[in-house]
Amino acid sequence: MKRVISTPNAPAAIGPYSQAIEVNGTLYISGQVPIDPQTAQVVDGDITVQTEQVMKNIGAILEAAGYSYADVVKSTCLLSDMGNFKAMNEVYGKYYQENPPARAAFAVKELPLSVLVEIETIAVK
């Protein structure tokens, strides 16, 4: 059974997609960008500030669905510049200190709203 997850503690979808979908104990979180859900604006700052906001948004969706960072099994990180990988990785690593999920990281030509990072996440109960 498909369950749509939505929380005001993460940015509202800016297109025809859901914040997350849960099916059969698996949670699929749409790519999160560094939008502050309170202001609906991209946070000002460098890759560390933006990655921190992305991880907070992921955390809010995980919590709304009854999951935690410990349930995350796969992340895909999209970066506007691979030169930001190390700094993004340092912030990301704070959230997955034990048994980190599988992950892929890619540099892409451009991200929505000209942000520096977007991360999509899969979690399993």
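Note that the numbering runs from 1 along the sequence shown for the chain. Atoms considered below: every heavy atom in the structure, side chains included; atoms not considered: hydrogens, waters and symmetry mates.
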Does [X] belong to the same Ile/Leu/Val/Met/Phe/Trp/Tyr cluster as [Y], with side-chain heavy atoms less than 4.5 Å apart forming each link?
| X | Y | value |
| --- | --- | --- |
| Tyr28 | Val73 | yes |
| Val49 | Val91 | no |
| Tyr95 | Leu79 | yes |

Are [X] and [Y] side-chain neighbours, meaning at least one heavy-atom pair lies under 4.5 Å?
| X | Y | value |
| --- | --- | --- |
| Asn89 | Arg103 | yes |
| Ile29 | Asn57 | no |
| Val42 | Val33 | no |
| Pro34 | Lys56 | no |
| Leu111 | Leu78 | yes |
| Gln53 | Ile35 | no |
| Ile119 | Ile58 | yes |

* Go through the steps to decide whether Leu116 and Asp81 satisfy the test side chain to side chain contact (heavy atoms under 4.5 Å, CB included), and finish with yes or no. => CA-CA 7 Å; Leu116 304 175; Asp81 180 349; over 6 Å; no

* To do: Could you go through the side chain to side chain contact (heavy atoms under 4.5 Å, CB included) check for Leu62 and Val72 one step at a time?
  => CA-CA 9 Å; Leu62 287 166; Val72 174; 4.0 Å; yes

Calculate, to the nearest 0.5 Å, the distance between atoms [atom1] and [atom2] belonging to [X] and [Y] respectively.
| X | Y | atom1 | atom2 | value |
| --- | --- | --- | --- | --- |
| Gln19 | Asn9 | CD | CG | 9.0 Å |
| Met88 | Met82 | CE | CE | 7.0 Å |
| Ile122 | Thr26 | CD1 | OG1 | 8.0 Å |
| Thr48 | Lys94 | OG1 | NZ | 8.5 Å |
| Cys77 | Glu120 | SG | CD | 9.5 Å |

Kindly give the heavy-atom pair with the smallest separation between [X] and [Y], and that separation in Å.
| X | Y | result |
| --- | --- | --- |
| Glu22 | Leu27 | CB-CD1, 4.0 Å |
| Ala10 | Gln32 | CB-OE1, 4.5 Å |
| Ser30 | Tyr17 | OG-CD1, 3.6 Å |
| Pro37 | Pro11 | CB-N, 3.8 Å |

* Run through the side-chain heavy atoms of Ile, Leu, Val, Met, Phe, Trp and Tyr, join any pair under 4.5 Å, and report what else lands in Val23's cluster. => Val4, Ile21

* Structure fact -> Sequence neighbours excluded, the answer for side chain to side chain donor-acceptor pair (under 3.5 Å) partners of Ser18 is none

* Asked: Yes or no on side chain to side chain contact (heavy atoms under 4.5 Å, CB included) for Glu118 and Val54, after CA distance, side-chain angles and deciding distance?
  -> CA-CA 7 Å; Glu118 178 176 355; Val54 167; over 6 Å; no

* Asked: Tell me the ring-ring contact (aromatic ring centres under 6.0 Å, His included) pairs involving residues 96-125, sequence neighbours left out?
  -> Tyr69-Tyr96, Tyr92-Tyr96

* Evaluate whether atom CG of Asp46 has more than 12 neighbouring non-hydrogen atoms of other residues, nucleotides or ligands under 6.0 angstrom away. => yes

* Check whether any side-chain N or O of Lys125 sits under 3.5 Å from a backbone N or O of Gly66 as a donor-acceptor pair, and report yes or no. => yes

